[in-house]
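Data block below; observations after.
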Amino acid sequence: MGEIIDSGGGGGKGKHQKKRAKKHGAHIDMTPMVDLGFLLLTFFVLTSQFSKPKTMEINMPVKPTDTTNTTKIDDETALTLLLTEKTEKIYYYYGKFKSETSILKTTDYSKEGIRKVFMKRNETVIKQVKELKEKYSKGEIADTTYKRMSMGFKGDKKAVFVIVKADEKAKYKNVIDVLDELNVADVGKYALVDISPAEKELIKVSTL
Amino acid sequence: MSKIKMPKSAPALDMTPMVDLAFLLVTFFILTANFRQNEAVIIKTPSSHSEKILPENVMLVTIDTAGRVFYSLGGKEVRKNLLLTMGKKYKVSFTETDVTRFLILPQFGVPMSQLSQYIRGDENTRAAMDKASIGIPMDSVNNQLGDWIAYGWNEKRTFEAINNIPKDKGCRIAIKADGQTDYKVIKRVIQVFQERNLNSFNLITDMETEQIQ
């Protein structure tokens, strides 16, 4: 290991031998170094993490100082989601909550499920934002205009307003899934609210 | 007819290019590697389509599946002041060595009463304490998490004001929670933030593999 092999020349030990010029340079056995190199390579390949953690920004409403100015839930645009411990099922209903008339429906967390519900409900906004995106990518509008206008479309009076209500047993993953789908479907107006006892009752009596 | 001469030694293969490449790769990986900090708990964050990258400068609240809360904050100056402020409030005294050791602590999830023991402990002691810990208390009677957040936030803000750090590079609050954590724990943590008028924060997620067209 690690010895220097003198392949050329043969040295000048014997007095009777003529000193000859070395034909080749001295060879160093590089095997250990290469071994170590590959070992390090393997280590760094296996330990490096390429995907940096991603993040979602959430802005909760500032605590209202007076209650007169609260947002009213509109029958037309409201969509309430109820998340429970059932990790495959989302309960939802449209409009204001009335224990007699609110009809509970169910869907799941897949892209065929909740995303379809949002997409259908938010069709106009998605179309508007898509057109805007095309204009932006062509360079027709400026960065600030794009942001302002897309915010305007998403915050439009007629745009869907989603209320997410998760009960005590719901899992964090499900809440994140819903928030993610909201972003995918360009829903700009949503809120995280506590579930009411009446709504729990509604889930309980429904056979869904 | 001449005989075919067999070479005396094995044929030499010139490995130089391969070795060069290997070392090039080693250099690349060494330079790009950012080592994962020694984490107190293993968290499997849920995935999302979000493409925003987590900012460097965050105050991190970690929540594991059992609902235990861990806290961490970057910046040495800030951490030192924070520990001393918290020590004063909860009447726990820290020595000079404690403070130095606290500066390199990745994250912790013990109540104030156990903190000095945690700081003084070696790796094994800490691992055992992490396992047995109930996390940082955050109930309304003994809201230590709220104090860590409020004081930490103040220290960060003061530090940023002194050093003229622009607002968009300022500190953000991030929640890193396991997907299987009960939502009621997250809700409580968010409530703690809101009680201190901190209404904007980040939720850490993983990259979702599915693409949207």
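Here is the naming used below: chain letters follow the sequence lines, and residue numbers restart at 1 for every chain. We use all heavy atoms of the structure for the numbers below, so side chains are in, but hydrogens, waters and symmetry mates are not. If you're wondering where the values come from, they're calculated on a predicted model, not measured in any experiment.
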Scored by heavy-atom pairs under 4.5 Å with chain B, the best of A/Leu40, A/Asp177, A/Leu192, A/Ile176 is A/Ile176

*Verify side-chain contact (heavy atoms from CB on, under 4.5 Å) between B/Gln180 and A/Lys173, making sure each step is shown before the conclusion.*
CA-CA 6 Å; B/Gln180 295 307 311; A/Lys173 182 183 184 296; 4.0 Å; yes

Side-chain touch A/Glu57/B/Lys52, heavy atoms, less than 4.5 angstrom:
yes

- Atom CD of A/Glu88: over 12 foreign heavy atoms under 6.0 Å: no

Okay, A/Ile58 and chain B: the region with an atom under 4.5 Å from a heavy atom over there is both

Whatever's closer than 4.5 Å to a heavy atom in chain A on B/Ile63 counts as neither

Heavy-atom check, side chain of A/Leu41 versus side chain of B/Phe29, under 4.5 Å:
yes

Is there side-chain contact between B/Phe201 and A/Met60, with heavy atoms separated by less than 4.5 Å? yes

Whatever's closer than 4.5 Å to a heavy atom in chain B on A/Leu83 counts as neither

Taking it one step at a time, do B/Ile186 and A/Val175 satisfy side-chain contact (heavy atoms from CB on, under 4.5 Å)? CA-CA 10 Å; B/Ile186 318 293; A/Val175 180; over 6 Å; no

To the nearest 0.5 Å, atom CD1 of B/Ile175 lies from atom OH of A/Tyr172 at 6.0 Å

Is the number of heavy atoms from other residues, nucleotides or ligands within 6.0 Å of CD (B/Glu77) greater than 12? no

Result for salt bridge (charged side-chain N to carboxylate O under 4.0 Å, His left out) between A/Asp194 and one of B/Lys184, B/Lys187, B/Arg188 points to B/Lys187

If you apply the rule salt bridge (charged side-chain N to carboxylate O under 4.0 Å, His left out), what do you find for B/Asp182 with A/Lys171, and how did you get there?
CA-CA 5 Å; B/Asp182 282 344; A/Lys171 296 286 176 205; 2.7 Å; yes

One should read off an interatomic distance between B/Ser50 OG and A/Leu179 CG, to the nearest 0.5 angstrom, of 11.0 Å

Value for OG (B/Ser47) from CG (A/Asp180), rounded to nearest 0.5 Å, stands at 7.5 Å

task: Give a yes or no on this: more than 12 heavy atoms of other residues, nucleotides or ligands lie within 6.0 Å of atom CG of A/Leu46.
output: yes

So does B/Ile53 get a backbone contact from the side chain of A/Thr55, meaning a donor-acceptor N/O pair under 3.5 Å? no

- Quick one: does B/Met18's side chain get under 4.5 Å of A/Phe38's, heavy atoms only? yes

Rounded to the nearest 0.5 angstrom, the NE2-NZ distance for B/His49 and A/Lys111 is 8.0 Å

Practice item. Start with the C-alpha distance between A/Asn174 and B/Tyr183, add both sets of side-chain angles, then the distance that settles side-chain contact (heavy atoms from CB on, under 4.5 Å), and finish with yes or no. Key: CA-CA 9 Å; A/Asn174 295 142; B/Tyr183 179 65; over 6 Å; no

| Would a 4.5 Å heavy-atom cut-off, applied to side chains only, mark B/Asp206 and A/Lys54 as touching? | no

